[in-house]
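Here the structure is a predicted model, which is why all the values come from computation and not from measurement.
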Amino acid sequence: MATPRPVSPAIQRLQLRTELRKARKEVGLTQREVAREMEWSPSKLLRIEAGEVGVSVHDLRPLLGLYRITDEGAVERLLGLARGSRKMPFTEYRDIYGPQFLNFLAMESSAFVTRAFQPLAVPGLLQTEEYAEEMIRAYSSDRFSGPQLQRMLEGRMLRQEALDRDDGETFFILDEAVLRRQVGGPRVMRTQLRRLAELAAHPRRQIMIFPFASGTATFQGPFTLFEFDEGMQPFVYWENMRGPAEISTATEEFVKHLEIFWELEERCVKGDAVPRVLLQMADHIETEPLDPALPPSTAPQDGG
């Protein structure tokens, strides 16, 4: 008999926050009313329901009483979720990452299906260390100290352990512009393209390219879809061009973005052609156009 797979702290916190919000609504209480009854600040309940902080067993017992959850089995299950979710991944980076991005990292490390569309840069999960260093320096150097920037790089590399899990699938769509933009110059980008080709050859990691020839990709920014196998709602995380990134469990938002992803996927270069294209681009990074039909060894040379 197979040993049950342990449920991650991130999943347990997401489950607990979902069930607590549902229970509050079922008894017809507002967040303000609950905070007053529990003698909490309103922000404490907001943060618990957002999954930004855990809730202690000491606090959870009276909260469940307020929500009229008295069944012994249900109480013990929710208390177990609270105990199991105290240690969240990446909490040691709270000084450099905001609560929403920490939630994103928790989902990224626990999801069993991840789909991401990226029209601007190579996703963090796929970046080489040099590429990541260039991106961090470009977007964060004016707000953080040298040691903090180094910890950002360390955290980004640590995230990539999610790719080594045997029970997760990842699907990435990269706009061709992402592959053409020479972040860090030709040498850094050449190494990054070869790394992408290596990753694309893995059966549980699908990397697809949305080529210029396919026209407009979407007027939205980057987004990521997370699905879980514990009966949890899926999540969508998108980067709003007019404001901060957002996370939503709304079914209609998830379905809308999933349909966008599938529509983009239909117009992508995918499958065995992807590593070949990426290696071709790496070999001819400065001058050659993308041609899915040509392997690196037969691509035309400069001046030919």
Side-chain angles (χ1 to χ4, degrees), residues 108 111 113-128 131 135 163 169-184 186 188-227 234 236-242 245-246 248 252-302:
E108 181 181 75
V113 179
T114 299
R115 294 180 177 88
F117 167 63
Q118 180 52 263
L120 303 174
V122 173
L125 282 178
L126 308 179
Q127 292 176 7
T128 64
Y131 185 103
M135 293 296 294
L163 293 175
E169 289 187 284
T170 52
F171 302 83
F172 300 94
I173 295 178
L174 309 184
D175 192 277
E176 184 179 343
V178 171
L179 308 175
R180 294 291 184 188
R181 186 171 296 110
Q182 293 186 19
V183 173
V188 171
M189 199 63 205
R190 187 176 295 112
T191 302
Q192 177 65 74
L193 290 168
R194 288 173 177 161
R195 171 62 174 160
L196 289 172
E198 177 187 334
L199 292 170
H202 193 283
R204 298 185 72 86
R205 304 178 200 128
Q206 293 194 36
I207 297 176
M208 296 166 274
I209 303 169
F210 191 89
F212 292 147
S214 289
T216 302
T218 177
F219 290 108
Q220 295 184 230
F223 63 86
T224 305
L225 304 167
F226 296 113
E227 295 181 52
V236 56
Y237 176 98
W238 69 93
E239 298 179 35
N240 190 335
M241 297 301 187
R242 293 165 293 181
E246 299 183 47
S248 176
E252 60 272 19
E253 282 294 342
F254 181 86
V255 171
K256 180 181 84 171
H257 284 82
L258 182 59
E259 288 176 347
I260 291 172
F261 190 91
W262 283 341
E263 191 274 333
L264 294 171
E265 189 174 22
E266 288 296 314
R267 298 154 63 192
C268 279
V269 176
K270 47 187 174 286
D272 293 340
V274 173
R276 184 168 64 246
V277 167
L278 291 167
L279 291 174
Q280 174 191 323
M281 294 181 75
D283 289 348
H284 307 279
I285 189 169
E286 295 179 344
T287 60
E288 294 298 326
L290 184 149
D291 184 351
L294 293 176
S297 60
T298 60
Q301 302 300 307
D302 293 349

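- Here the shortest heavy-atom pairing between Leu264 and Phe210 reads CD2-CE1, 3.6 Å.
- Residues Leu125 and Phe172 are in side-chain contact: their nearest non-hydrogen atoms beyond the backbone lie under 4.5 Å apart.
- Atom CZ in Phe261 sits 9.5 Å away from atom OG1 in Thr224 (nearest 0.5 Å).
- Rounding to the nearest 0.5 angstrom, the gap separating the CZ atom in Phe171 from the CZ atom in Arg204 is 9.0 Å.
- The minimum heavy-atom distance between Val178 and Gln118, with the atom names listed, is CG2-O, 3.4 Å.
- For the pair Arg267 and Glu263, the salt-bridge criterion is met [side-chain N within less than 4.0 Å of a carboxylate O].
- Between Phe223 and Phe117, the gap from one ring centroid to the other is short of 6.0 Å.
- Residues Arg194 and Leu279 form a side-chain contact, since some pair of their non-hydrogen atoms from C-beta on lies under 4.5 Å apart.
- Within the 4.5 Å cutoff, side-chain heavy atoms of Leu174 are placed close to those of Pro123.
- Of the inter-residue distances, the one linking Glu265 atom CD with Leu258 atom CG reads 9.5 Å to the nearest 0.5 angstrom.
- Here the closest non-hydrogen pair linking Trp238 and Val236 is CZ3-CG1, 3.6 Å.
- A donor-acceptor contact shorter than 3.5 Å is absent between the side chain of His284 and the backbone of Gln280.
- Between Phe212 and Asp175 there is a side-chain heavy-atom pair separated by less than 4.5 Å.
- The heavy-atom pair separating Gln192 from Leu126 by the smallest distance is NE2-O, 2.9 Å.
- Partners of Arg195 according to the salt bridge (Lys or Arg N to Asp or Glu O under 4.0 Å) rule, which considers only residues two or more places apart in sequence or in another chain, are Glu198.
- When all heavy atoms of Ala200 and Leu278 are compared, the pair lying nearest together is CB-CD1, 4.5 Å.
- In this structure, the side chains of Lys270 and Gln206 stay at 4.5 Å or more apart for every pair of heavy atoms.
- No side-chain heavy atom of Glu108 sits less than 4.5 Å from a side-chain heavy atom of Thr114.
- The CD1 atom of Ile209 sits 6.5 Å away from atom CE of Met281, with the distance rounded to the nearest 0.5 Å.
- We find the CD1-NE2 distance between Ile207 and His202 to be 11.0 Å, quoted to the nearest 0.5 Å.
- Residue Cys268 comes nearest to Pro211 through the heavy atom pair CA-CD, 4.3 Å, listed as atom of the first residue, atom of the second, then distance.
- In this view, Glu227 and Val113, Arg115, Pro234, Phe254 satisfy the side chain to side chain contact (heavy atoms under 4.5 Å, CB included) rule, not counting sequence neighbours.
- Counting only heavy atoms from C-beta outward, the side chains of Leu196 and Leu179 approach each other to under 4.5 Å.
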